[in-house]
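Below is one structure, written out as structure tokens; the observations come after it.
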Amino acid sequence: MYDEDDLAAIREAREEWEAETRDPVRERHGERKDRFATVSNLEVEDLYTPADVADIDYEEDLGFPGEYPYTRGVYPTMYRGRTWTMRQFAGFGTAEETNERFHYLIEHGQTGLSTAFDMPSLMGKDSDDPLSDGEVGKEGVAVDTLRDMEILFDGIDVGEVSTSFTINPSAPVVYAMYVAIADQQGVPREELRGTLQNDMLKEFIAQKEWVVPPEPSLKLVTDTVEFCAEETPKFHPISVSGYHIREAGSTAVQELAFTLADGFAYVEDALERGMDVDTVGPLLSFFFNSHNSIFEEVAKFRAARRIYARVMREWYDAEDEASTRLKFHTQTAGQSLTAQQPLNNVVRVTIQALAGVLGGTQSLHTNSYDEAFALPGEEAVRVALRTQQIIAEESGAADVIDPLGGSFFVEALTDEVEAEATAYIEELREMGEGSVRDGILAGIEQGYFHREIQGASYEYQERVEEGEEVVVGVNKYVMDEDTKPDLLHVDEGTQDRQLARLESVKEERDDEAVTESLERVREAVESDENVMPALVEAVKAYATMGEIMDVFADEWGTYREEIGVM
Ligand SMILES: CC(C)(COP(=O)(O)OP(=O)(O)OC[C@H]1O[C@@H](n2cnc3c(N)ncnc32)[C@H](O)[C@@H]1OP(=O)(O)O)[C@@H](O)C(=O)NCCC(=O)NCCSC(=O)CCC(=O)O
């Protein structure tokens, strides 16, 4: 962006500034630390100048909002046209309680829904499974059959609202239920909007919730992608998620690299199925974490868009603009919240949410300050939502597109994050001999991701323990006494109420229809067909989540990880 003579003059002036102006002061007063780094331990300089962005080509590397490579944002007007979707993740107890929370959030101005499921539902178990005892409705809503989903969406027009479902191994079943709800409400399937998390690769990499092994898990994901392209084209069948990779302790660069690589693996798997890249591309959606180092996060989001656009075009020959536009949801970093002095978490969340907005997110969840203790209480959820509204309507952050674009620091960091993440993606591609998908599957099998993330997480903890990484209230500014917020208590009667409902559904349903529908699911698995049409029929017959998932486990077996400890 600068000509060679200007750059040479700036470099020379900087050297002069260092020697004559900075160094005398530095020698006299010193600096606070020997080394300054981001929360991911990327070392940062004291000052950035045009010399640090000398290699950037404005048109090729940055461009304009809404245009390739989308570094500055995916929409031409960004938040001046419409602010991001404020999408608080919610769910607890039975479907009635979560339905009430959904209505509460909509009344307070939330613009999209996001469903949290309880552990049994996440793992594809029914509430009456012995393994579910004590977990029903505890950290999300319990869903066993279509009846629960009917109650969950009572009074909510699924043709009007977009809904996200955070669920993975049992995602195809929940997706089938949502399609069934649309059919019941008379909403055309092609109008259905929302997102299924359904990112099994990151489960094997980081979150570790699975039922069947990696390959059939990937097959199921691609089944949902194929069905989605045909039946619900406005819905996102996968939210390729870095969030959990980061929460497991990765650096920002690892989060970005592994997430994008997972996205490319889904593209490759769909291409192998015979789908067109421009059919799959627009369906994909992404989900990132936002931690405390604002500039590192902004650089990560900008680099994400740039790498994705280039790779989709250059490696997979995407032509449709929508295939090269990376759209993402952001959640503030749960791992950064502290039980000590919990109100401080409001500040952390504000910083992290601001980073998401400055980085151009499409959708945002702000954590509640009480989440180091329990699921959020009503007041804490409201403050979290208000945090987004204050950023949107009071701070001015939504008024200028990509406001940190052109900052020497942020542009240099965007380049650095891009280069490091690209090197990781290339490494995975080499591990798969030209296929990112095969590289990821090999990496899972060899414990590669586990080792990489564990190493980063260990280093971070060491820095915290040595005080190099400050966590206010934990290793600095500690107080003897803390106040505990009022916590949400999930009613202990939840499990009994859920079990009673499940029992009554089982009594009322047509057993023969259930058996036949489950048989069709089995046949679809055995003949390697797309399982989705059979799943929609099975959920409509009120087959349970557990009954359906058991067919998968019977046919494909279950998975056990070989754990490697450093
Ligand atoms: C694509 C995203 C990221 C966002 O979708 P959204 O519908 O919210 O936003 P969007 O697509 O950007 O915008 C909605 C519509 O407005 C339009 N639009 C937006 N901005 C515009 C602008 N400036 N100008 C013109 N049009 C614009 C879009 O084109 C779109 O219309 P059209 O539709 O007509 O094009 C989706 O996948 C999503 O909502 N993801 C959420 C995932 C999530 O909540 N996950 C929770 C995980 S929680 C979890 O994992 C738990 C972790 C833990 O706590 O442990």
Side-chain angles (χ1 to χ4, degrees), residues 65-66 70 72-92 105 110-119 122 139-140 159-168 171 190-199 202-203 206-209 228 232-248 259 263 281-290 301 304-305 308 321-322 325-337 349 352 356-357 359-368 371-372 374-376 384 388 392 398-399 401-402:
Y70 306 102
R72 308 208 64 184
V74 288
Y75 296 121
T77 57
M78 286 302 290
Y79 308 139
R80 286 170 78 113
R82 177 187 179 276
T83 55
W84 60 93
T85 307
M86 299 180 188
R87 197 185 291 280
Q88 297 299 92
F89 184 48
F92 61 97
L105 287 166
Q110 176 161 304
T111 48
L113 295 174
S114 176
T115 324
F117 293 88
D118 70 357
M119 190 49 85
L122 291 175
E139 49 180 68
E160 288 296 316
V161 70
S162 79
T163 309
S164 160
F165 298 95
T166 296
I167 194 146
N168 294 280
E190 60 271 19
E191 290 305 317
L192 214 48
R193 282 163 49 238
T195 304
L196 197 61
Q197 190 160 88
N198 196 26
D199 173 7
K202 71 94 174 51
E203 292 298 330
Q207 185 162 245
K208 319 271 177 172
E209 285 169 9
C228 185
T232 63
K234 291 188 181 163
F235 192 82
H236 297 286
I238 320 176
S239 171
V240 192
S241 305
Y243 186 82
H244 319 81
I245 294 174
R246 189 71 177 279
E247 289 287 291
T259 309
L283 297 177
L284 291 189
S285 161
F286 288 80
F287 169 26
F288 293 108
N289 196 299
S290 190
F301 300 132
R305 285 191 290 269
Y308 185 71
E321 295 241 302
R325 243 190 328 240
L326 180 142
K327 299 211 289 181
F328 68 101
H329 171 72
T330 303
Q331 179 169 338
T332 57
Q335 177 271 339
S336 74
L337 301 184
V349 167
Q352 297 163 4
V357 169
T361 193
Q362 276 54 69
S363 164
L364 180 63
H365 167 102
T366 33
N367 287 331
S368 297
E371 284 187 79
L375 291 189
Q388 296 203 33
D399 297 349
I401 303 170
D402 188 31

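One-based numbering, in listed order, for ligands and for the atoms of each. Quick caveat, the model's predicted, so the values are computed rather than measured.
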Can you report which non-hydrogen protein atom sits closest to [atom], along with the distance?
atom: atom 55 (O) of ligand 1; value: Tyr243 CE2, 4.0 Å
atom: atom 54 (O) of ligand 1; value: Gln331 NE2, 3.1 Å
atom: atom 47 (C) of ligand 1; value: Thr166 OG1, 3.0 Å
atom: atom 12 (O) of ligand 1; value: Tyr75 OH, 2.7 Å
atom: atom 43 (C) of ligand 1; value: Ser164 OG, 3.1 Å
atom: atom 13 (O) of ligand 1; value: Arg82 NH1, 3.5 Å
atom: atom 51 (C) of ligand 1; value: Phe89 CE2, 3.4 Å
atom: atom 23 (N) of ligand 1; value: Met78 O, 2.8 Å

Between [X] and ligand 1, does any nitrogen or oxygen pair lie at a separation below 3.5 Å?
X: Thr85; result: yes
X: Ser285; result: yes
X: Gln207; result: no

Quiz item: Can Arg72 and Met78 be said to form a side chain to side chain contact (heavy atoms under 4.5 Å, CB included), step by step?
Solution: CA-CA 9 Å; Arg72 308 208 64 184; Met78 286 302 290; over 6 Å; no
Min heavy-atom dist [X] to ligand 1 below 4.0 Å:
X: His244; answer: yes
X: Ser114; answer: yes
X: Arg87; answer: yes

Please examine the side chains of [Y] and [X], heavy atoms only from C-beta on, and report whether any two atoms are closer than 4.5 Å.
X: Thr330; Y: Phe301; answer: yes
X: His329; Y: Ser164; answer: no
X: His244; Y: Glu209; answer: no
X: Glu247; Y: Asn289; answer: yes

Between [X] and [Y], a side-chain donor and acceptor under 3.5 Å:
X: Gln362; Y: Thr85; value: no
X: Glu203; Y: Asn168; value: yes
X: Lys327; Y: Tyr70; value: no

Check each heavy atom of [X] against ligand 1 and say whether those closer than 4.0 Å belong to the side chain, the backbone, both or neither.
X: Tyr79; answer: neither
X: Gln197; answer: side chain
X: Trp84; answer: neither
X: His329; answer: both

The side chain to side chain donor-acceptor pair (under 3.5 Å) partners of Tyr243 (sequence neighbours excluded) come to Gln331
Look up [atom] and tell me if a protein heavy atom lies less than 4.0 Å from it?
atom: atom 26 (N) of ligand 1; result: no
atom: atom 35 (O) of ligand 1; result: no
atom: atom 31 (O) of ligand 1; result: no

Take Phe287 and Thr195, measure what side chain to side chain contact (heavy atoms under 4.5 Å, CB included) needs, and give me the verdict at the end.
CA-CA 11 Å; Phe287 169 26; Thr195 304; over 6 Å; no
Check: of His365, His236, Gln335, min heavy-atom distance to atom 1 (C) of ligand 1 comes from His236
Heavy-atom proximity to atom 3 (C) of ligand 1, picking from Phe165, Phe328, Phe235, Phe288, points to Phe328
Counting from 1 in the order shown, the ligand 1 atoms closer than 4.0 Å to a non-hydrogen atom of Phe287 are 47 (C), 49 (C), 50 (O)
Looking only at heavy atoms, the pair that brings Tyr308 and Leu284 closest together is OH-CD1, 3.7 Å
Of all heavy-atom pairs linking Ala171 and Asn198, the shortest is CB-OD1, 3.4 Å
Residue pairs passing the salt bridge (charged side-chain N to carboxylate O under 4.0 Å, His left out) test with at least one member in residues 232-245, sequence neighbours excluded, are Glu191-Lys234
The side-chain contact (heavy atoms from CB on, under 4.5 Å) partner of Phe288 among Leu326, Ile245, Thr361 is Leu326
